[in-house]
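Inspection log for the structure reproduced underneath, given as C-alpha cells.
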Protein chains: 2
Amino acid sequence: MTPAETSATTPTAMLAESPATTPTETLAETSAEVSAPTSRRGGRPANGEPVLDRAFRLLDAFHDDAPRLTLTELSERTGIPLSSTLRLALHLSRLGALERQADGTFMIGLRLLEYASLAPRGHGLRSIALPYLEDLHRATGQHVQLAVRENDEGVIVERLSTPGAGKVLYSVGGRVPLHGTGLGLVLLAYSRPEFQDAYLQRSLFLEPEHTPVTAAEVRAQLQAVRQTGIAHMSRLLPEPAASVCAPIFDRSGACAASIAVLGADGTLDSRVVEPAVIAIARAITRDLKLSGR
Amino acid sequence: MTPAETSATTPTAMLAESPATTPTETLAETSAEVSAPTSRRGGRPANGEPVLDRAFRLLDAFHDDAPRLTLTELSERTGIPLSSTLRLALHLSRLGALERQADGTFMIGLRLLEYASLAPRGHGLRSIALPYLEDLHRATGQHVQLAVRENDEGVIVERLSTPGAGKVLYSVGGRVPLHGTGLGLVLLAYSRPEFQDAYLQRSLFLEPEHTPVTAAEVRAQLQAVRQTGIAHMSRLLPEPAASVCAPIFDRSGACAASIAVLGADGTLDSRVVEPAVIAIARAITRDLKLSGR
DNA sequence: TCACAGCTTTCATTCATTGAAAGGAGACAC
DNA sequence: GTGTCTCCTTTCAATGAATGAAAGCTGTGA
C-alpha cells in the first residue's frame, strides 16, 4: 500500500499531496494497479439531469432585478458546475436564447422575443387588445393590465403603466394569484366549476400581507364577479391601491383573459372607471371573435 | 507498451469481456446469430443531434401563419421522428415553453413570454420607449416601430399599428435587413465602421423586388443618415409606402435602437413627421440614459 | 513573484437520449 | 363485425452526447 492510497480517503489531503507525482504517472498506474484513482477526470454524475431542464434552469436564473449575469453568478444560482454552465450557456447563445456581451456577461436573447411573439395567448391576444388598452389607458390615466390564466396562476400579458399612478406589483410576464387579485379573480370566476373547486381546496392567503382567506369568502367574491361582470379589489400593501377588472371572452364563450385598471387609492373613482372597463372588455371580446379566435 | 495499455486502447473489448458471466447470455446469443435484425428495436442514430438544438428546432417550426401545430405537422416540419417529437414536445410543455390544447395541438407557451420580458434589449428597452411610441402613434396616426440590431439583421421589438395605414411587412419579433429598410439603415449607419465594411462586402438586394444595390449606393445613404440624423425610405411593393426613421442612443453613445413611422404612400408628409420622429427619438434617448442603460 | 478570482479547455466515463416497432384510439366504409 | 385508414402513445435495447474534475489560461492586485 503506497502512501498515495491511504491519503486518497481524505479529499483535502489529496489536494495537498497531488503535485508529488505527475498526472501522467498516476494515470498509468491507476489503470493497472490503483483501484481508487487519485486524479480521476471526467465522469458522468450519478443521477444526471436532462439537458433541457438545465437549459431552462439557466433561463430561470434571470430576473427583473438581475437581467445580466456573469458565468460564475449563473453557476451559483443554478447549482450547475462551472464548466457545464459555460458549455450550456454558450450553446444557448448559439441558438439565440442568450446573448453574451463583450464583458462576458450573459443576458436573455432576442430570439426568445421572436418565439414569444408567436404565443397565441400572449402576443396574438395582445396585438388585438393593444389599441383598446391604449384607449383605456388614455381615458383613465391609470395603469392598465391584460392577463390570461395558465394553470393555477394568471400571467400578465401586457401592461401600460402611468408613472404617477403608484407602484405596480406585477410586470409583463409576471404571475399573479387567482384569488388575491382582481385580474385573477375574474379568470377564476369564469373558469370551469371543477377547476374552481380544486383550486379552492388549497389553503389560501392574501399575498403581500400573508393573511389567510377561507374558500367561502372567495366563493362569495366569485359569485359577485359573475353577477356584476366586474371585479373590484383593493390592497393596502405596499401602498393603498384599487383595481377594477372585467373578463374577455373568446369565440367559444370561454373566458380568454381579463383586463384591469389599477390606481393608487383615492385616485381611482370606480363609478367612473367601471363603465369604461366594461365597454373596452366587450370591444376586445367582439374583435377577438371577428379575428377567428 | 504494457499489456494494460494495449487493452486500454480497445475499450469495447474490455466491456465485452466483463458481462460474459452476467445473465444477459440469451441476449448476447441473439445479437451474435441474427445478422439481419428483422425486429430490432431502439438504437441511437449514427450521428445524433443535441437535444437542445432539436428543442429549438421545434420552436422554430411555429410561424405567424402556423401558430398551432399537430404532432404530425411538427414531426414533418422538423424532420424529427414522431416518437422523438412527442417526447420532446411534451418535455417542452412541462417546462412551459409549449402548451398543448385539449385537441392535442401544440403552441408556443406563455413561459417564453416571461423569459422574453427579461431581455434587456427587448422588453427592457420597450418598457421605456412605449409611452413615447404611443405619443408618436397618436400624433401621426401611422404605424410606429422600434427595432434593435442583432448581428446582420434588425429585430422589431415593438410595433403599434394603425388599421387604416397600409400593410406592414414585419411584425414584432420579425427580422428586417439592414440595408433595404429605414429601420435597418439607421442601425447600420451608427454601427462600427468595421462592421459596416464587412456588411457591405456581401451582394445586396432590395428584398420584396430582389433588385441589386451597390455598396456605394448604400454608403451614400448611410452618409446622408449620419448627416441629417434621420432616414427616409420608400418602397413600392407590396404597395407604395414610406417611412421616416431616427436613431436612439444609449449611455455610452452607441446606437441602441431605431424608431420608424411608416405609412401608405401619400398619407405620410415627411416634413410634418420628421420633427416628431426626431423629438421622440431624443426623448427616448434621454430616458434611456436616466434609467441606467 | 506570488496569490487569487474568473474564465476556458480537456477528456475518460456513463446515463440520458434515441427511434423502430408495437399498441391503442377514433373515424369512416362496407 | 371486420377492415383500413390516420393519428397519437408507449416500450425498450443500444449508444454517443453530455458530464464535471482537473489542468490551463488570463488578468488584477499586492
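Scope of the values below: all heavy atoms of this structure, side chains included, with no hydrogens, waters or symmetry mates. Reminder, nothing fancy here: chain letters follow the sequence lines and each chain counts from 1.
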Interatomic distance where [atom1] belongs to [X] and [atom2] belongs to [N] [whole Å]:
X        : N      : atom1 : atom2 : value
B:Asp103 : C:dG26 : CG    : P     : 14 Å
A:Leu52  : C:dT17 : CG    : P     : 7 Å
B:Arg54  : D:dA17 : CZ    : C1'   : 12 Å
B:Gln101 : D:dC7  : CD    : P     : 18 Å

Under 4.0 Å from any atom of DNA chain D, heavy atoms only: list the residues of residues 71-98 of chain B that qualify, in numerical order.
->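 Within this stretch, B:Leu71, B:Thr72, B:Leu82, B:Ser83, B:Leu86 sit under 4.0 Å of the strand.
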
Partner residues of [X] under the ring-ring contact (aromatic ring centres under 6.0 Å, His included) criterion, sequence neighbours left out:
X        : answer
B:His179 : B:Tyr199
A:Phe249 : A:Tyr190
B:Tyr170 : none

Quick one: closest heavy-atom pair of B:Thr285 and B:Ile248, and the distance?
->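 That would be OG1-CA, 3.5 Å.
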
Inter-axis angle, terminal five-pair segments of the helix from C:dT1-D:dA30 to C:dC30-D:dG1 [nearest 10°] =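 Computed from the C1' atoms at both ends, the axes differ by 30°.
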
Does anything in [range] pair up under salt bridge (charged side-chain N to carboxylate O under 4.0 Å, His left out), and if so which pairs, sequence neighbours excluded?
range                       : answer
residues 105-117 of chain A : A:Arg111-A:Glu114, A:Arg111-B:Asp60, A:Glu114-B:Arg175
residues 86-102 of chain B  : A:Arg121-B:Glu99
residues 192-203 of chain B : B:Asp152-B:Arg202, B:Arg192-B:Glu194, B:Asp197-B:Arg219

What residues form a side-chain hydrogen bond (donor to acceptor under 3.5 Å, both in side chains) with B:Asp103, not counting sequence neighbours?
->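 Testing B:Asp103 for side-chain hydrogen bond (donor to acceptor under 3.5 Å, both in side chains), a comparison that skips the adjacent residues, returns B:Thr105.
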
